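Structure, as structure tokens:
All values reported here derive from a predicted model rather than from experimental measurement. Position 1 is the first residue of the sequence; numbering continues from there.
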Amino acid sequence: MNWEKLAQIIIPISSVIAMWLVNSTSDESRFYGAIVGLVAQPFWFYTTYKAKQWGVFVSCFFFTGAWMYGIVNYVT
């Protein structure tokens with residue numbers, strides 16, 4: 001399986017799981033949602049860069065920061 005196909009599988013699955021978890025009432029679930037969202041970011045970066053979708057590519061930096069913020073909030 002090549003990187004493009006893998007990204008096209010991981011992006012929607014991880015995005016749905018992350019959104020589901022971060023909207024949970026459980027602090028621990030929200031933490032894991034941020035982890036799942038962060039794990040997906042390299043695939044987002046790769047896909048948007050290859051497709052030359054520069055607006056979404058720049059947005060990926062903000063989403064990465066938001067996922068990291070969620071992790072830091074749980075840890076501290």
Hey, any chance Ile11 and Val58 share a hydrophobic cluster, counting ILVMFWY side chains that come within less than 4.5 Å of each other, even indirectly? no
Under 3.5 Å, side chain of Arg30 to main-chain N/O of Leu21, donor-acceptor pair present? no
Correct closest heavy-atom pair for Trp67 and Ala18 would be CH2-CB, 3.9 Å
So how far is it from Ile17 CD1 to Ile13 CD1, rounded to the nearest 0.5 Å? 6.5 Å
Common cluster, Val36/Leu6, ILVMFWY with side-chain heavy-atom separation under 4.5 Å: yes
Ile71-Tyr69 co-clustered via ILVMFWY side chain contacts under 4.5 Å: no
Rounded to the nearest 0.5 Å, how far apart are OH of Tyr74 and OG of Ser29? 9.0 Å
Hydrogens and angles aside, do Glu4 and Tyr46 bring a side-chain donor and acceptor to less than 3.5 Å of each other? yes
Would Trp54 end up clustered with Phe61 when hydrophobic side chains under 4.5 Å apart are linked, directly or stepwise? yes
Same cluster or not: are Tyr32 and Trp20 linked, directly or through other Ile, Leu, Val, Met, Phe, Trp or Tyr residues, by side-chain heavy atoms under 4.5 angstrom apart? no
I need the Thr47 OG1 to Trp3 CH2 distance, nearest 0.5 Å. 8.5 Å
Parallel under 30°, tilted from 30 to 60°, perpendicular over 60°: which one fits the rings of Phe57 and Phe45? perpendicular
Atom of Ala7, atom of Pro12 and distance for their closest heavy-atom approach: O-CD, 4.3 Å
Rounded distance (nearest 0.5 Å) linking atom OG of Ser24 with atom CZ of Phe31: 14.0 Å
Rounded to the nearest 0.5 Å, the CH2 atom of Trp44 sits from the OG atom of Ser59 at a distance of 10.0 Å
Is it the case that atom CE in Met19 sees more than 12 heavy atoms from other parts of the structure closer than 6.0 Å? yes
Scanning both residues in full, the closest heavy-atom pair of Val22 with Ala34 reads CG1-N, 3.9 Å
Heavy-atom side-chain contact between Thr48 and Cys60 under 4.5 Å: yes
Residue pair Phe43 / Gln8, side-chain heavy-atom distance below 4.5 Å: no
OG1 of Thr64 to CG of Leu38, rounded to nearest 0.5 Å, is 6.5 Å
